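Below: one structure, written as structure tokens.
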Amino acid sequence: MVRIELLVIQPTPFCNIDCAYCYLPHRSSRTVVAERTLSNLFTQVFASGWVDSGVSVVWHAGEPLVLPVEFYRRAFEIIEQLRPAGLAIQHAFQTNGMLISGAWCEFFQEQQINVGVSVDGPKQFHDRNRLTRNGRGTFDRTMAGIKLLQKFGIPFHVISVLSPESMAAPREMFDFYVSEGIREVCFNVEESEGNHISRCFSNASIDRAFYRFLHEFWRLSCLYSGSISFIREVEHAIGQIVRPRGTPFYNQLVEPFAVTCMDCEGNISTFSPELLGLKHPDYGDFSVGNVNRGNLVEFISDPNLERMAKDIRAGVSMCRDTCEYFTVCGGGEPVNKLAENGTFVSTTTQYCRVTKMRTIDLVLAAIERVDERHLGTTGITDRRG
Ligand code: SF4
């Protein structure tokens with residue numbers, strides 16, 4: 001049974017900046033998605049029978065705020081006219097923050113949009129990689145955007161891409177977020193995706209460096225309680241480990257259409273959102289159909305989808321047979337397997353070592369310490385001994 005949980009829409013591939021680690025191939029293109037394309041997408045999604053009570057919509061894969069607020073007002077109107085009664089839609093924007101203005105803040109508030117801002121920590125880390133098109137740092141303008149969000153009282157989280165340098169400085173990173181009033185943080189380790197080869201992933205001990213970083217960052221957050229309220233990696237790992245008995249791990253990235261992505265031309269791809277716009281000899285541009293020339297429900301039998309799904313399933317099956325983390329991972333991220341191993345039909349990547357294995361290790365070690373303390377104080381340790 002197909003179930004769409006997340007729609008990723010590329011309103012435009014254009015990005016106003018040029019980060020050193022960006023893998024998006026068309027970030028200079030100023031194409032904008034047509035109203036007809038949006039209308040076709042949502043008509044087909046709502047008629048598919050593949051959505052339950054709600055769906056999340058993320059506007060991304062380019063800088064969404066390069067388009068005017070009016071573009072989104074119109075887009076949201078179109079979606080609202082098509083939305084079946086009772087179906088909830090939660091919109092989200094992932095932005096570099098540089099173009100946030102009072103008008104954007106009013107729109108975010110009015111539409112209750114989830115806002116994520118990309119900031120890589122203090123200026124000396126952020127400005128190494130997050131650059132304007134003429135090579136200048138973007139830190140000051142990003143922070144000005146964050147200050148506006150705070151002034152308007154708009155809740156937001158940040159996504160920080162960790163470099164080897166920032167990973168070696170957990171205290172500095174922690175002090176930065178606390179001093180700037182940033183309370184919800186998500187960490188990405190610079191990945192190899194598309195044509196981009198990660199500096200981090202060429203270092204064999206990067207998983208240990210990430211473990212040390214997260215360990216110290218989490219420790220500081222607990223020590224200064226009330227400072228950081230959400231660390232995505234820790235929260236997700238806890239959710240993966242602590243779940244009702246008998247509930248199998250669900251990995252939406254290996255289920256066709258659970259994450260459905262549309263580029264600005266109406267091309268649909270699925271599995272990892274980062275596949276959108278990449279190229280591969282076996283899978284072409286990863287497109288499985290176009291909403292302007294066909295219907296979403298027919299794309300389930302697209303030969304390219306079947307090819308990808310078969311290979312991704314084979315990779316998941318190999319993970320199931322060989323990896324002790326499978327029950328809390330579900331077979332990883334197809335895009336990283338392809339970028340690092342050259343094939344979906346594979347298992348371990350640097351990405352999963354870092355973001356899955358070490359994070360799970362960290363949370364399991366913490367649970368064990370809590371267990372020991374609890375068992376010790378209740379005397380159960382003695383009885384067992
Ligand atoms: S941690 Fe890596 S090897 Fe293990 S199941 Fe996940 S993707 Fe596969």
Side-chain angles (χ1 to χ4, degrees), residues 5-6 23 161-162 167 186-194 196-198 200-215 218 231-259 261 269-276 278 280 282-283 286 307-368:
E5 297 178 345
L6 176 65
Y23 60 90
V161 175
L162 294 172
M167 220 179 292
C186 312
F187 295 115
N188 288 347
V189 177
E190 187 194 321
E191 301 166 42
S192 295
E193 277 168 347
H196 176 71
I197 308 292
S198 162
C200 285
F201 285 4
S202 56
N203 174 352
S205 60
I206 196 69
D207 60 332
R208 289 197 292 279
F210 181 70
Y211 184 98
R212 284 193 296 272
F213 171 85
L214 201 55
H215 181 277
W218 189 17
I231 308 171
R232 181 189 61 188
E233 287 52 49
V234 172
E235 299 287 338
H236 281 189
I238 292 172
Q240 286 152 3
I241 294 166
V242 185
R243 53 178 207 262
R245 192 181 290 275
T247 314
F249 185 84
Y250 174 72
N251 179 2
Q252 61 175 197
L253 297 173
V254 300
E255 300 294 335
F257 299 104
V259 177
C261 310
S269 70
T270 179
F271 307 113
S272 303
E274 297 84 356
L275 293 172
L276 189 75
L278 302 184
H280 188 272
D282 295 339
Y283 315 115
F286 298 95
R307 209 165 21 247
M308 285 191 276
K310 177 169 161 280
D311 290 351
I312 288 170
R313 270 199 307 273
V316 170
S317 174
M318 287 165 72
C319 282
R320 185 183 293 110
D321 292 345
T322 59
C323 178
E324 59 181 333
Y325 295 85
F326 182 78
T327 56
V328 286
C329 170
E333 301 224 11
V335 70
N336 297 101
K337 289 184 175 181
L338 198 62
E340 291 190 41
N341 302 332
T343 171
F344 288 139
V345 191
S346 62
T347 59
T348 316
T349 57
Q350 273 288 53
Y351 177 82
C352 78
R353 259 188 219 104
V354 174
T355 62
K356 283 285 171 188
M357 298 183 186
R358 295 300 79 86
T359 311
I360 294 289
D361 290 347
L362 178 69
V363 171
L364 278 178
I367 291 173
E368 272 166 25

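As the structure lists them, so they are numbered: ligands from 1, and atoms in each ligand from 1. Atoms considered below: every heavy atom in the structure, side chains included; atoms not considered: hydrogens, waters and symmetry mates. Model, not experiment: these values are computed from the prediction.
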Does Lys356 use its side chain to pair, donor to acceptor, with the backbone of Phe326 at less than 3.5 Å?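 Checking the backbone N and O of Phe326 against the side chain of Lys356, no donor-acceptor pair under 3.5 Å is found.
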Provide, to 0.1 Å, the distance between atom 2 (Fe) of ligand 1 and the closest protein heavy atom, together with that atom's residue and name.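 The answer is Cys352 SG, 2.4 Å.
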With rounding to the nearest 0.5 angstrom, report the SG to CE distance, Cys352 to Met357. 4.0 Å
Per-atom contacts of ligand 1 with [X], taking only distances under 4.0 Å to non-hydrogen atoms:
X	answer
Thr348	3 (S)
Cys319	3 (S), 5 (S), 7 (S), 8 (Fe)
Gly332	6 (Fe), 7 (S)

Using a 4.0 Å heavy-atom cut-off, say whether Met357 meets ligand 1 through its side chain, its backbone, both or neither. side chain
Is any N, O or S atom of Cys323 under 2.8 Å away from atom 8 (Fe) of ligand 1? no
Test of ring centre spacing under 6.0 Å for Tyr283 and Phe344: yes
Output field: ring centroids Phe187/Phe213 closer than 6.0 Å: yes
Students often mix this up, so state it plainly: with edges at 30° and 60°, are the rings of His280 and Phe286 parallel, tilted or perpendicular?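 If you compare the ring of His280 with that of Phe286, the planes turn out tilted.
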Please confirm if an N, O or S atom belonging to Cys329, backbone or side chain, lies less than 2.8 Å from atom 6 (Fe) of ligand 1.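 It does; at least one qualifying atom falls short of 2.8 Å.
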Side-chain H-bond candidate by donor/acceptor type, Tyr351 with Asn188, under 3.5 Å: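 No, because no side-chain N or O of Tyr351 sits under 3.5 Å from a partner of the opposite role on Asn188.
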